[in-house]
K.L.:
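Please see the structure below; I have some questions.
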2 protein chains.
Amino acid sequence: MLEGQLRRNTRQKRVILRSVEQLGCHPTAVQIYNTVRKVLPRTSLSTVYRNLGILVDQGKIRAVKGAGSEIHYDHNTGAHNHIECTVCGRVCDVHMDPVDIDTMNPETVSNFIVMEVRMNILGICPECAEQLEKEKLQ
Amino acid sequence: MLEGQLRRNTRQKRVILRSVEQLGCHPTAVQIYNTVRKVLPRTSLSTVYRNLGILVDQGKIRAVKGAGSEIHYDHNTGAHNHIECTVCGRVCDVHMDPVDIDTMNPETVSNFIVMEVRMNILGICPECAEQLEKEKLQ
DNA sequence: CCCTATAATAGGAATAATTCTTAATACGAA
DNA sequence: TTCGTATTAAGAATTATTCCTATTATAGGG
């Protein structure tokens, strides 16, 4: 007897989750789409978005917003923060001591009930820094 | 003799800056647009966006990205962070000790050159918390 | 104060990322 | 295998923002 929202384990969903895991460096929906299509060429972008949404809801992956307008997806669901390259847009992990929510002064946070603290760090990745250095020498 | 990029001080630009200052609570482009149109009804949304971009470039206001897809604008250009209500989307200020970039371990930040640390806090604002409490009692 | 060059504007089209719609497909319980 | 329905493909729709172009109006110089 089927009841409620049955979650089918489709090929598309499996390949999408595997792509997020394998791409590693916080891919965007389009990057995941391109990877998935190497295995399942008829997969549509809507399907990728829908399944990414489901996987986020299920807590299997995390959605990460950076400075740009695209959403990045992260297979590491543990508590950690991100650093984004302002040149190439790449997103990498940062492992810092988490901010202790309970010790935050209510006045400091405009009397909000704090749920989550996200640290978004902007910087230049080693590859882009090297490239910029090369260009400067010319 | 006019040379280079002359920055004209137009009525639209003045009213847009004033609106950002007066609205206070980190308005979006559309909220600013609605306010500006009360004074200058023929102002277009493009003009609002263009001037907000110029004002950001000039360092007169700051662009703030939250969890939603809209950009918020902040007349307070000093170093501070933001807390966003997950219910109504409102953005408020948070004044915490800034993270000291220079003491960050290169390994911690994947060897990036760190430019800026942005703390984005998610929570529930006092008004929405009160509203939710009321609904729970019913 | 008026002229004139040109920066800035209004209005709407274009773009980019994401979400929605609908008929067709295929998963999986029996 | 069969069948009910969750999921898909394809493309339209939506949302926020940026771009385009003819027109307007600011500000420096006469």
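Nothing here was measured: the structure is a model prediction, and the numbers come from that model. Lettering follows sequence order; numbering is per chain, from 1. Basis for what follows: all heavy atoms, side chains included, without hydrogens, waters or symmetry-related copies.
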K.L.:
Would you check if the side chain of B/E135 reaches a backbone N or O of B/L132 as a donor-acceptor pair within less than 3.5 Å?
P.N.:
no
K.L.:
For the side chain of B/S69, counting heavy atoms from C-beta on, which of C/dT18, D/dA16, C/dA10 is nearest?
P.N.:
D/dA16
K.L.:
To the nearest Å, how far apart are A/L45 CG and C/dA16 C1'?
P.N.:
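About 11 Å, once rounded to whole Å.
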K.L.:
In this structure, how many angstroms lie between the C1' atom of D/dA22 and the CZ atom of B/R42, rounded?
P.N.:
13 Å
K.L.:
Is the side chain of B/S110 donor-acceptor paired with the backbone N or O of A/D93 at a distance under 3.5 Å, no angle test?
P.N.:
yes
K.L.:
Give, ordered by number, those residues of residues 82-90 of chain B having at least one heavy-atom distance below 4.0 Å to an atom of DNA chain C; if nothing qualifies, reply none.
P.N.:
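None - not one residue of the stretch has a heavy atom sitting under 4.0 Å from the strand.
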K.L.:
Let's see if you can work this out: which of C/dA8, D/dA9, C/dA10 has an atom nearest to the side-chain heavy atoms of B/Q12?
P.N.:
C/dA10
K.L.:
In whole Å, I'd like the distance from the CG atom of A/L52 to the P atom of C/dA17.
P.N.:
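Result: 15 Å.
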K.L.:
Taking atom types as they are modelled, is there a donor-acceptor pair under 3.5 Å from the base of C/dC20 to the side chain of A/S46?
P.N.:
yes
K.L.:
Can you measure A/D57 atom CG to C/dT19 atom C1' for me and round it to whole angstrom units?
P.N.:
14 Å
K.L.:
Can a donor-acceptor pair be found, under 3.5 Å and without considering hydrogens, that links the side chain of B/Q31 to the backbone of B/T28?
P.N.:
yes
K.L.:
Looking at A/A29 and A/V48, what are the two nearest heavy atoms and their distance?
P.N.:
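Looking at all heavy atoms of both residues, the closest pair is O-CG1, 3.8 Å.
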K.L.:
Between P on C/dA17 and OH on A/Y73, what's the gap in Å once rounded to a whole number?
P.N.:
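A/Y73 atom OH is separated from C/dA17 atom P by 12 Å.
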K.L.:
Let me know the distance between CD1 of B/I71 and P of D/dT15, rounded to the nearest Å.
P.N.:
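Between P of D/dT15 and CD1 of B/I71: 17 Å.
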K.L.:
Give a yes/no answer on whether the side chain of A/R11 brings an N or O atom under 4.0 Å of OP1 or OP2 in D/dT7.
P.N.:
no
K.L.:
Test A/R8 against A/K13 for side-chain contact (heavy atoms from CB on, under 4.5 Å), laying out the working first.
P.N.:
CA-CA 9 Å; A/R8 289 184 182 164; A/K13 188 183 290 176; 5.8 Å; no
K.L.:
When you compare the side chain of A/R11 with that of A/L40, does any pair of heavy atoms fall below 4.5 Å?
P.N.:
yes
K.L.:
Testing the basics here: between B/C85 and A/F112, what is the closest heavy-atom pair and its distance to 0.1 Å?
P.N.:
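Between these two residues, the closest heavy atoms are N-CE2, 3.5 Å.
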K.L.:
Are B/I121 and A/R118 close enough that some pair of their side-chain heavy atoms sits under 4.5 Å apart?
P.N.:
no
K.L.:
List the steps and the verdict of salt bridge (charged side-chain N to carboxylate O under 4.0 Å, His left out) for B/E21 and B/R18.
P.N.:
CA-CA 5 Å; B/E21 288 167 353; B/R18 186 148 50 80; over 6 Å; no
K.L.:
Starting at OH of B/Y49 and ending at P of C/dT15, how long is that distance when rounded to a whole Å?
P.N.:
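Going from B/Y49 (OH) to C/dT15 (P), I get 18 Å.
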K.L.:
So if I take every side-chain heavy atom of B/T10 and compare against C/dA10, D/dT26, D/dT8, which nucleotide ends up nearest?
P.N.:
D/dT26
K.L.:
Show which side-chain atoms of residues 60-72 of chain B pair as donor or acceptor with protein atoms under 3.5 Å away, not counting sequence neighbours.
P.N.:
unit_1, atom_1, unit_2, atom_2, d
B/K60, NZ, B/Q58, OE1, 3.4
B/R62, NH1, B/G78, O, 3.0
B/R62, NH2, B/H80, O, 3.2
B/K65, NZ, A/A67, O, 2.9
B/K65, NZ, A/G68, O, 3.3
B/H72, ND1, B/H26, O, 2.8

K.L.:
Look at B/T47 and C/dA10 and indicate whether a side-chain polar atom (N or O) is within less than 4.0 Å of OP1 or OP2.
P.N.:
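Checking B/T47 against C/dA10: at least one side-chain N or O falls below 4.0 Å of OP1 or OP2.
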K.L.:
So if I take residues 13-36 of chain A and measure heavy-atom distances to DNA chain C, which residues fall below 4.0 Å?
P.N.:
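Result for residues 13-36 of chain A: none.
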K.L.:
To the nearest Å, how far apart are B/E70 CD and D/dT14 P?
P.N.:
17 Å
K.L.:
Nearest to the side chain of B/R8, heavy atoms from C-beta on, is which of C/dG28, D/dT8, D/dT26?
P.N.:
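The answer is D/dT26.
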K.L.:
For the side chain of B/N9, counting heavy atoms from C-beta on, which of D/dA27, C/dG28, D/dT7 is nearest?
P.N.:
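So the nucleotide nearest the side chain must be D/dA27.
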